Amino acid sequence: MAASVSLFGYWASPFTLRIKWALKLKGIQYEYIEEDLPNKSPLLLQYNPVHKKIPVLVHEGKPLAESLVIMEYIDEVWKESPLLPQDPYGRAKARFWSNFADDKCVPSVMRTFVAEGEDKEKAAEEAREHLKTLESGLEGKQLFGGEKINFVDVAVGWIGIWARIVEKIADVNLIDAKTMPLLDAWFAKFLELPTIKECVPPWDKLLEHNRGFRNILTYAAT
Amino acid sequence: MGEQVKLFKTWSSAFGLRIVWALKLKGIQYESIDEDLTNKSPLLLQYNPVYKKIPVLVYNGRPIVESLIILEYIDETWKQNPLLPEDPHKRATARFWAKFGDDKVMSSLWQILTEQGKEREEALVQATENLKFIEEELKGKRFFGGEKIGFLDIALGWLANLVPVLEEILGFKVIDKAGFPFLSEWMLEFSSVPAIKENLPLHDKMFSKFRAYLAAAPDK
């Protein structure tokens, strides 16, 4: 089966990282196309006319967008090393936490990233609240998947990197080791796994990129 | 298998309605608990501590929340009358559009209602753009699910129910036959399916509710 898999992505995009992780964990060979985001390729716009965003997965000529949708697709087509559990309730919980992270953790961390002064502290407090809630999803386990990583670990793990970057650039506390010891330990454990670690861009490159990104965002807001 | 299925919802919530439709289509008996959102029951808060919202499905004593997640749970637990198609790409496509409906279409329609003047015009342009994508996705099919209604029909079913109410309040059509021949037809077909028809909030009740909501909303 010479079925081709292509991934359109951006090196610094956490949503692209999710897909890279999923493909790697399942041992899927793919062609990677790096998009220049200020200058999106005609092919990307053709494949994702609705959102015009990366990541886009193309499999057997058919494109898919939206990273969590793509992750479920990958899990259904390539059945080895399953990401979602088998039982419906476990699957519902996994979907819940992945969506919670995107709905609540991500925007609140972003708001912390671009805010200043008192607003920044308020935003950080809200982000910490959501991260604390996320911690409860671990149900005391070391990984969301228990002994092995699962869908949620792959979907949410990147926040461990980005939150640290935001902490450094914006000078705030987000992943508080004292109040969220389990979450803190989970991020550390997940990000140290070789398969995971190999896909993460270099820290200093990410830091530099996000500093620049923040400047653009805060400048645009003034 | 006499295990009770409970659904916490409200009479008008589009999200709760999705679950009613899914349960009806699969012939699943359930106990319905209508919540007063100004006075949420302790049980609801216990079952959905994170969001404190309806709908909540409880089965085997365990709660499932977030309507699209509940739909998938129902489809995986009760296998008769499958809602999602077999093919992974078609499943992914259905999920994509369901998400688009919730993330983009809903808010853009709501904006038409809540905005005035130039902002309203802009909101209408945006909503029309979004709806055109949905129209395109439907093209040539009787339902989004093909010959029978499926996951995406249920996920977008709120259009059939809410848009006529919004249009009556606004005094103009948003989904008109000329611009949206397929979607217009789908709205009628969808509403005629017995399981749906028997489980639609009354138009007049919805109209009153939205009118009151808008009247109470603070001026911008």
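A, B, ... follow the sequence lines: proteins, then strands. Residue 1 opens every chain. Fair warning: this is a prediction, and the values are worked out from it, not measured in the lab.
Residue A/Thr133 comes nearest to B/Val50 through the heavy atom pair CG2-CG2, 3.8 Å, listed as atom of the first residue, atom of the second, then distance. Counting all heavy atoms, side chain and backbone alike, B/Thr77 lies closest to A/Pro88 at OG1-CB, 3.5 Å. The two atoms that bring B/Ile64 and A/Ala92 nearest to each other are CG2-CB, 3.8 Å, heavy atoms only.
Within a 6.0 Å radius of CZ in B/Phe143, more than 12 heavy atoms belonging to other residues, nucleotides or ligands are found. More than 12 heavy atoms of other residues, nucleotides or ligands shown are found within 6.0 angstrom of NZ on A/Lys120. Atom CD of A/Glu147 sits in a sparse spot, with 12 or fewer heavy atoms from other residues, nucleotides or ligands closer than 6.0 Å. Crowding of A/Lys189 atom NZ: a count of heavy atoms from other residues, nucleotides or ligands under 6.0 Å not exceeding 12. Counting non-hydrogen atoms of other residues, nucleotides and ligands closer than 6.0 Å to CD of B/Glu122 gives a total above 12. Counting non-hydrogen atoms of other residues, nucleotides and ligands closer than 6.0 Å to NZ of B/Lys40 gives a total above 12. Dense packing is recorded around CD of B/Glu31, with more than 12 heavy atoms of other residues, nucleotides or ligands lying under 6.0 Å away. Residue-environment remark: CD (A/Glu118) stays at or below the threshold of 12 foreign heavy atoms within 6.0 Å.
Heavy-atom neighbours of chain B within the stretch residues 94-113 of chain A, taken at a separation under 4.5 angstrom, comprise A/Arg95, A/Phe96, A/Trp97, A/Asn99, A/Phe100, A/Asp103, A/Lys104. Of residues 42-55 of chain A, those residues with a non-hydrogen atom less than 4.5 Å from any non-hydrogen atom of chain B are, in numerical order, A/Pro49, A/Val50, A/His51.
Counting only residues at least two apart or on different chains, the salt bridge (charged side-chain N to carboxylate O under 4.0 Å, His left out) pairs with a member in residues 135-146 of chain A are A/Lys93-A/Glu139, A/Lys132-A/Glu135, A/Glu139-A/Lys141. Residue pairs meeting the salt bridge (charged side-chain N to carboxylate O under 4.0 Å, His left out) criterion with at least one partner in residues 34-46 of chain A, sequence neighbours excluded, are absent.
In this structure, the separation between CD on A/Gln86 and CD on B/Glu76 is 10.0 Å, given to the nearest 0.5 Å.
The backbone N or O of A/Tyr73 sits nowhere less than 3.5 Å from a side-chain atom of B/His89 that would complete a donor-acceptor pair.
Both the backbone and the side chain of B/Phe96 come within less than 4.5 Å of a heavy atom of chain A.
Here B/Arg95 is the residue among B/Lys104, B/Glu129, B/Arg95 with the most heavy-atom pairs under 4.5 Å with chain A.
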Practice prompt. For the pair B/Lys99 and A/Glu66, evaluate salt bridge (charged side-chain N to carboxylate O under 4.0 Å, His left out) and give the outcome as yes or no after the intermediate values.
Written response: CA-CA 9 Å; B/Lys99 194 173 193 304; A/Glu66 293 299 289; 3.5 Å; yes
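Contact annotation: the side chain of A/Glu76 approaches that of B/Arg91 to within less than 4.5 Å [non-hydrogen atoms, C-beta and beyond].
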